[in-house]
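Input: a single structure, listed below in structure tokens.
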Amino acid sequence: MNIILLGPPGAGKGTQAQRLEKLRGMKQISTGDMLRAEVASGSALGLEAKSMMEKGLLMPDSIMIQMIEKRISEADCRNGFILDGFPRSEKQAIALDEMLTKKNIALNAVILLEVDDEALVARLAERCAPDGTRREDDNPDVVRARLKVYQEQTAPILPYYEGSKRLKRLNGMLEVEQVGKKIDLLIDSAL
Ligand code: AMP
């Protein structure tokens with residue numbers, strides 16, 4: 001079972017991906033986490049990612065497409081994966097379909113977590129990791145920039161998935177466990 005979780009920053013994609021990883025053994029593929037690991041390693045890619053993330057801007061499509069193509073081919077993704085943070089542009093969505101077709105990998109569901117903007121700013125202002133650390137790009141100014149980028153560059157991919165009847169919408173404002181149960185139902189019905 002391979003799925004995409006879509007939604008603006010703070011919609012709960014990461015939380016739900018982690019839940020699915022724990023309960024169903026699917027692998028969470030978070031492009032944001034992959035980029036943060038590059039930043040931590042001090043690589044050239046990490047330096048570029050740091051400057052883009054600080055501004056809330058997207059990394060170039062070509063880099064992200066290459067990164068995801070390599071990642072989904074790895075052995076730990078064979079039991080299924082959850083894309084969390086990819087695709088984020090129409091170019092990425094089309095490239096993903098092409099690479100999945102080429103590799104003969106199915107995409108079973110595209111799930112959109114819908115939430116309202118003001119709730120997101122509030123949620124992200126409070127968000128912190130289990131160790132108490134906070135993401136630098138969760139401050140309100142960068143959050144607003146990330147939401148704008150989402151509306152302008154990522155939301156246009158929704159008609160792409162809707163047009164091919166693959167998009168499932170969920171109310172992401174519900175409690176975490178309720179959203180999780182709704183995702184379970186969608187996944188089970190796609191089996
Ligand atoms: P996230 O953790 O998914 O919120 O991603 C954090 C940041 O990483 C984003 O604001 C972008 O700067 C960058 N990023 C993550 N995924 C992508 C992607 N698929 N395309 C372009 N930039 C990305």
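We're numbering straight along the sequence, starting at 1. Just so you know, these numbers come straight off a predicted model, no measurement behind them.
Residues Leu57 and Met53 share a hydrophobic cluster, clusters being chains of Ile/Leu/Val/Met/Phe/Trp/Tyr side chains in contact below 4.5 Å. Residues Met99 and Met64 share a hydrophobic cluster, clusters being chains of Ile/Leu/Val/Met/Phe/Trp/Tyr side chains in contact below 4.5 Å. Val176 is not connected to Ile187 by any chain of hydrophobic side-chain contacts under 4.5 Å among Ile, Leu, Val, Met, Phe, Trp and Tyr, and they are in different clusters. A single hydrophobic cluster is not seen to contain both Ile3 and Tyr161; linkage of ILVMFWY side chains at heavy-atom distances under 4.5 Å, directly or through other members, places them apart. A continuous path of hydrophobic side-chain contacts links Met67 to Ile29 [ILVMFWY only; heavy atoms under 4.5 Å].
The existence of a salt bridge linking Asp138 and Arg146 is confirmed by a sub-4.0 Å separation between a basic side-chain nitrogen and an acidic carboxylate oxygen. A salt bridge links Glu69 with Lys102: the closest approach of a Lys/Arg side-chain nitrogen to an acidic carboxylate oxygen falls below 4.0 angstrom. Looking at Glu118 and Arg144, a side-chain N of the basic residue comes within less than 4.0 Å of a carboxylate O on the acidic one, giving a salt bridge. With salt bridges taken as basic N to acidic carboxylate O contacts below 4.0 Å, one links Arg166 and Asp97. Between Arg169 and Glu162 there is a salt bridge, since a side-chain N of the basic residue sits under 4.0 Å from a carboxylate O of the acidic one. Using a 4.0 Å cut-off between charged nitrogen and carboxylate oxygen, Arg24 and Asp184 count as a salt-bridge pair.
Proximity of a side-chain donor or acceptor of Thr31 to a complementary backbone N or O of Gly85 within less than 3.5 Å is detected.
Using modelled atom types and a 3.5 Å distance limit, the side chains of Ser43 and Glu38 yield a donor-acceptor pair.
Atom CD of Gln66 sits in a sparse spot, with 12 or fewer heavy atoms from other residues, nucleotides or ligands closer than 6.0 Å.
Exactly one residue among Leu96, Ile157, Ile111, Asn108 makes a side-chain contact (heavy atoms from CB on, under 4.5 Å) with Ile4. That residue is Leu96.
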